[in-house]
Number of protein chains: 2
Amino acid sequence: MSGEDTRRDLLLAAERLFAAGGIDGPSMREISKAAGQLNTSALQYHFGDRQSVLAAIIDRHHRDVEPHRLGLLDTLELDGEPPGESGLRELAAALVLPQAARLDHHDGGPEYLQIIAEVTARPERFAASFAAVSAAPSMVRWRALVTPFLPPAAVGPPLHRRFAAIRFLNGELATRAREHHRPDHRLFASHLVDLVTAILAAPVSAQTSRHIHSSPPNPADR
Amino acid sequence: MSGEDTRRDLLLAAERLFAAGGIDGPSMREISKAAGQLNTSALQYHFGDRQSVLAAIIDRHHRDVEPHRLGLLDTLELDGEPPGESGLRELAAALVLPQAARLDHHDGGPEYLQIIAEVTARPERFAASFAAVSAAPSMVRWRALVTPFLPPAAVGPPLHRRFAAIRFLNGELATRAREHHRPDHRLFASHLVDLVTAILAAPVSAQTSRHIHSSPPNPADR
DNA sequence: CAATTTCTAAGACAAGTGCTTTAGCAAGTC
DNA sequence: GACTTGCTAAAGCACTTGTCTTAGAAATTG
């Protein structure tokens, strides 16, 4: 077996075990064994440490997700973003669909979604990967495009809706990915687009406006 | 030092370390040491295993959260639930505020919120605690009260909005809890109520309706 | 007071951890 | 052919893990 094959086997095993037991769950030995390696330290040889394995897994899937999302953003910009709710739904779709497509990608797709959710949920623990995911070109571009659609109070602290929407998306996709092997995810994805749109477009209630105007901006909220 | 004090110290240390390193992060020894115990197995003596420590932590905070939420639901039912959006916002508030109040509870409140989020995000790993949290009387009652407010398509599979809203809430509270010590969380909580309301009340889009009617109900979606 | 229960201290145990080293194998390259 | 290179096998390192045992201190009870 060539080195390239071994590398791929290790990556797939790590993916599976990371999804099942958490990124910090399985030991390096365990992953090597699961990949069919009798060598206890094959993982160290090929990747070095846990963080690098994680980075390699994410990178593998980003190779598909990124172009997909960039393509959606391209057509969205060519058509000219229609203002109002409908334009926002298309932007939400550009966020959701490329990730949701991983549900059907039976080569580690669901596992990837669970891993991404863990990285998103604990950014300080997986800082390097979290930064990489956040700085992906498609995400930077998406954030810039969506901002004008949001109510002003929804952009700054104390609760950035862009980030809240992303966290929500990743969490729900992971939940779906855990409930194995559904044949068709289109209805689910459509619901998800509705909810992400709702989070982004949610009106700022009278109560919240009152809070904004009654209390000075909180300096501790950067 | 009495046994009761030691027990409390162990619980607080576990809370802190669970929040910082994940529930599976710290070793039993580590927790004992952090609680000032020279005994390496003080935790085992008082609680038995990790799951029981987790259960004790959650129970400690539920003692405050449960009555708070039940009280809100009581006044809400006495006033008679006004139909439409405003009644829904009050229901969302009854879900959000008792948990959000933990942000200010500087006796493990923020830590508790991070722990709850992890339990919610990985229900199969922490099945016992997840079941306990889900079966709490206030939550059972809340679910029953909120259901009539939801669009029919939002109640069943493939995406229960009640559960999605709860997951969202727990995740955002954990994120807020991680960004230490803000003096005032009322504006944040109000934003959060807006977003939970938006998730629950989100219109089912034309695209989603088309998916519902064009494809037969998916038998794999229980 | 004595007896009993409750709790902490201290240590030992096998098993498992990340990581390193050494050896061997199978290709390519000169 | 000799030799470097890429990779796997196997074992060993110091250390940590959960669990168990034993002993002694402290509080509670008779």
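Keep in mind it's a predicted model, so treat the numbers as computed, not measured. The basis for the numbers below is simple: all heavy atoms, side chains too, and nothing from hydrogens, waters or symmetry mates. In what follows, chains are A, B, ... by sequence order, proteins preceding strands, each numbered from 1.
Salt bridge annotation for A:Arg60-A:Asp107: present, with a cationic side-chain nitrogen under 4.0 angstrom from a carboxylate oxygen.
With rounding to whole Å, A:Phe47 atom CZ is found 15 Å from C:dC19 atom P. Distance B:Asp49 CG to D:dC20 P: 11 Å, rounded to the nearest Å. Across the protein-nucleic acid pair, A:Asn39 atom CG and C:dT20 atom P stand 14 Å apart, rounded to whole Å. Between the CD atom of B:Glu30 and the P atom of C:dT17 there is a distance of 17 Å, rounded to whole Å. At whole-Å resolution of the value, CD in B:Gln44 and C1' in C:dC7 are 15 Å apart. Nucleotide D:dA9 holds its P atom 10 Å from the NZ atom of A:Lys33, rounded to whole Å. Here D:dC7 presents its C1' atom at 14 Å from CG of A:Leu43, a figure rounded to the nearest Å. Rounded to whole angstrom, the span from the OH atom of A:Tyr45 across to the P atom of D:dA10 amounts to 17 Å.
In the set D:dT17, C:dA9, C:dG18, the nucleotide with an atom closest to the side chain of B:Gln37 is C:dA9. Comparing C:dC7, C:dA10, D:dC7 by their nearest atom to the side chain of A:His46 picks out D:dC7. Minimum atom distance to the side chain of B:Ser27 is reached by D:dT17, of the listed C:dC7, D:dT8, D:dT17. When distances are taken from the side chain of A:Arg29 to each of D:dG18, C:dC19, C:dC7, the shortest belongs to C:dC19.
For the pair A:Asn170 and A:Ile166, the minimum side-chain heavy-atom distance is below 4.5 Å. For the pair A:Leu145 and A:Glu77, the minimum side-chain heavy-atom distance is below 4.5 Å.
Taking each heavy atom of A:Phe18 and A:Glu118 in turn, the nearest pair found is O-OE1, 4.4 Å.
Counting distance only, with no hydrogens placed and no angle test, the side-chain atoms of B:Ser41 and the base atoms of D:dG18 include no donor-acceptor pair under 3.5 Å.
Of the two residues near DNA chain C, B:Leu10 and A:Met28, the one whose nearest nucleotide lies more 5' is B:Leu10.
By the 6.0 Å and 45° rule, B:Arg176 stacks over the aromatic ring of B:Phe188.
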